[in-house]
Amino acid sequence: MTEAELAEHYNRTQDTSDFDTGRSVPLSVKRDVTISVRFSFDEIEEARARAEKDGVKVTSFIRAAALEASSPVDRAQLAEDLRALERLAHEVASSVLPTNHSRP
């Protein structure tokens with residue numbers, strides 16, 4: 001089959017058997033939810049370069065990265081930063097507030 005015939009066959013049947021392995025693998029994933037994500041120019045260029053390197057569309061690359069990620073937040077680092085901020089706030093408060101609250 002030509003590529004056009006394969007594409008037409010896939011669009012009609014969603015059967016990918018002739019693409020790679022020769023096995024019949026019906027495609028059953030229906031993606032009907034769209035979300036918007038904003039990227040800086042540099043971020044999207046990096047995502048595009050990585051997707052191209054992997055031989056996939058950038059949307060597929062982003063989807064896979066999102067589903068494989070455990071969490072974009074490092075909670076241990078966040079807790080450490082919070083403790084440091086609390087110490088700093090205490091130091092600032094101690095330096096500007098009088099230690100003796102008695103009135104003259």
Side-chain angles (χ1 to χ4, degrees):
M1 274 189 206
T2 67
E3 286 188 25
E5 290 169 330
L6 280 173
E8 194 281 322
H9 172 75
Y10 168 76
N11 287 335
R12 189 170 19 86
T13 65
Q14 294 189 342
D15 178 5
T16 60
S17 63
D18 292 330
F19 288 122
D20 292 323
T21 63
R23 294 180 293 129
S24 181
V25 182
L27 187 63
S28 60
V29 176
K30 181 178 180 184
R31 294 189 174 100
D32 56 358
V33 176
T34 301
I35 63 167
S36 295
V37 180
R38 293 183 186 267
F39 291 91
S40 70
F41 179 79
D42 291 341
E43 290 169 334
I44 196 62
E45 286 304 308
E46 183 174 343
R48 286 179 177 143
R50 289 183 183 189
E52 185 176 332
K53 179 180 172 234
D54 290 351
V56 296
K57 292 180 179 180
V58 72
T59 53
S60 297
F61 180 83
I62 293 168
R63 182 183 308 106
L67 294 173
E68 291 172 9
S70 58
S71 174
V73 177
D74 182 342
R75 294 190 182 276
Q77 183 64 52
L78 189 59
E80 183 180 322
D81 292 346
L82 179 58
R83 286 189 297 275
L85 185 58
E86 287 173 339
R87 284 190 301 272
L88 181 60
H90 179 71
E91 290 173 17
V92 169
S94 297
S95 70
V96 295
L97 296 176
T99 56
N100 184 353
H101 295 296
S102 63
R103 293 184 182 198

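Each residue takes its place number in the sequence, starting with 1.
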Chemist: So, using side chain to side chain contact (heavy atoms under 4.5 Å, CB included) as the criterion, who are the partners of Ser40 when residues are at least two apart?
Modeler: Asp42, Glu43
Chemist: Tracing side-chain links under 4.5 Å among I, L, V, M, F, W and Y, which residues wind up in one group with Val73?
Modeler: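 Val73 shares its hydrophobic cluster with Leu78.
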Chemist: List for me each residue that meets side chain to side chain contact (heavy atoms under 4.5 Å, CB included) alongside Val96, sequence neighbours excluded, and say none if there are none.
Modeler: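 Once residues adjacent in sequence are excluded, Val96 has no partner under the side chain to side chain contact (heavy atoms under 4.5 Å, CB included) criterion.
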Chemist: According to side chain to side chain donor-acceptor pair (under 3.5 Å), does anything in residues 77-93 pair up with another residue at least two apart or in another chain? List the pairs.
Modeler: Gln77-Asp81
Chemist: What donor-acceptor contacts under 3.5 angstrom involve side-chain atoms of residues 48-69, with partners at least two apart or in another chain?
Modeler:
unit_1 : atom_1 : unit_2 : atom_2 : d
Arg48  : NH1    : Glu45  : OE2    : 3.0
Arg50  : NE     : Glu46  : OE2    : 3.3
Arg50  : NH2    : Glu46  : OE2    : 2.5

